[in-house]
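The figures here come from the full heavy-atom set of this structure, side chains too, leaving out hydrogens, waters and symmetry mates. Each chain gets a letter, A, B and so on, in the order its sequence line appears, and its residues count up from 1.
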Amino acid sequence: SQKIEQNSEALNIQEGKTATLTCNYTNYSPAYLQWYRQDPGRGPVFLLLIRENEKEKRKERLKVTFDTTLKQSLFHITASQPADSATYLCALEGTDKLIFGTGTRLQVFP
Amino acid sequence: DTAVSQTPKYLVTQMGNDKSIKCEQNLGHDTMYWYKQDSKKFLKIMFSYNNKELIINETVPNRFSPKSPDKAHLNLHINSLELGDSAVYFCASSLDLSNQPQHFGDGTRLSIL
């Protein structure tokens, strides 16, 4: 069955550094992948979408890569700030639905 | 204006009761969803509707009955609540069924006593 894995442990980094979050998947070949941010007590908020024929997508300090050979997406936040602290979810395209990973909690310390 | 709004935000009730959660979107989207997020933060789809038609029912117990009176609303009624129903329920919408970003409400935290 389809399986999506994100770093289960929280990621703690210092302000100003680049945060890199990983999303691995198996038994699956999605045509696109999305990343969301979720703050405590709030719903997920869409950040970026990347298609299988796109190697990389950028939006301000965010960068997403999609390697269909490795079955992996990497999500980077450059020059991280304490306000970037949140849980980040990857979601893969399914048949008329998204399949979400369990998320990685990012903590950025001043 | 809130794009996807759901009410109530908190719902505390006893086992065996029946309750409803309402969801409305003002984005003009065709597709709406209900998700369940458990204590481990795993977000799992329950239902999706497109233009008021049921598209996905992800093997949810039939105690859960979604109703879409129009494209902008998707309500969730739950009968005979059980302890295992305790979770946060999220409503979401997207432009259509294709690879579109989804817009989420802020969730309804359901606690069963």
So does [X] have more than 12 non-hydrogen atoms from other groups sitting under 6.0 Å from [atom1]?
X	atom1	value
A:Lys71	NZ	yes
B:Lys9	NZ	yes
A:Arg61	CZ	yes
A:Arg37	CZ	yes

Quick one: NZ on B:Lys41 to CZ on A:Phe100, what's the gap to the nearest 0.5 Å?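 B:Lys41 atom NZ to A:Phe100 atom CZ measures 14.5 Å (nearest 0.5 Å).
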Smallest heavy-atom separation, B:Asn99 atom then A:Gln34 atom, equals C-NE2, 4.4 Å
Which heavy atom of A:Pro44 sits nearest to which heavy atom of B:Leu43, and what is that distance? CG-CD2, 3.9 Å
Heavy-atom cut-off 4.5 Å, strictly under: side chain, backbone, both or neither for B:Gln100 against chain A?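 Only the backbone of B:Gln100 comes within 4.5 Å of chain A.
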Contact class of B:Ile56 relative to chain A, heavy atoms under 4.5 angstrom: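 For B:Ile56, the contact with chain A is made by the side chain alone.
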What ring-ring contact (aromatic ring centres under 6.0 Å, His included) pairs are there with at least one residue in residues 65-88 of chain A, not counting sequence neighbours?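 Residue pairs passing ring-ring contact (aromatic ring centres under 6.0 Å, His included), neighbours aside: A:Trp35-A:Phe75, A:Phe75-A:Tyr88.
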A:Thr87 versus chain B, heavy atoms under 4.5 Å apart: side chain, backbone, both or neither?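 Neither part, no heavy atoms under 4.5 Å.
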Check: B:Gln37/A:Gln38 side-chain N/O donor and acceptor closer than 3.5 Å: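 Yes, A:Gln38 and B:Gln37 have a side-chain donor paired with an acceptor closer than 3.5 Å.
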So which of A:Leu98, A:Thr102, A:Leu48 has the biggest tally of heavy-atom pairs under 4.5 Å with chain B?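 Most heavy-atom pairs under 4.5 Å with chain B: A:Leu98.
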With the 4.5 Å side-chain cut-off for hydrophobic clustering, are [X] and [Y] part of the same group?
X	Y	answer
A:Phe46	B:Phe90	yes
B:Met46	B:Leu11	yes
B:Phe42	A:Leu92	no

Test A:Lys97 against every option in B:Ile45, B:Leu97, B:Thr31 by the side chain to side chain contact (heavy atoms under 4.5 Å, CB included) rule and name the one that passes.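 Exactly one option meets the side chain to side chain contact (heavy atoms under 4.5 Å, CB included) with A:Lys97, and it is B:Ile45.
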Among B:Cys91, B:Pro101, B:Gly105, residue most engaged with chain A (heavy-atom pairs, under 4.5 Å):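 Greatest number of close heavy-atom pairs with chain A: B:Pro101.
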Under 3.5 Å, side chain of B:Asp106 to main-chain N/O of A:Gly43, donor-acceptor pair present? yes
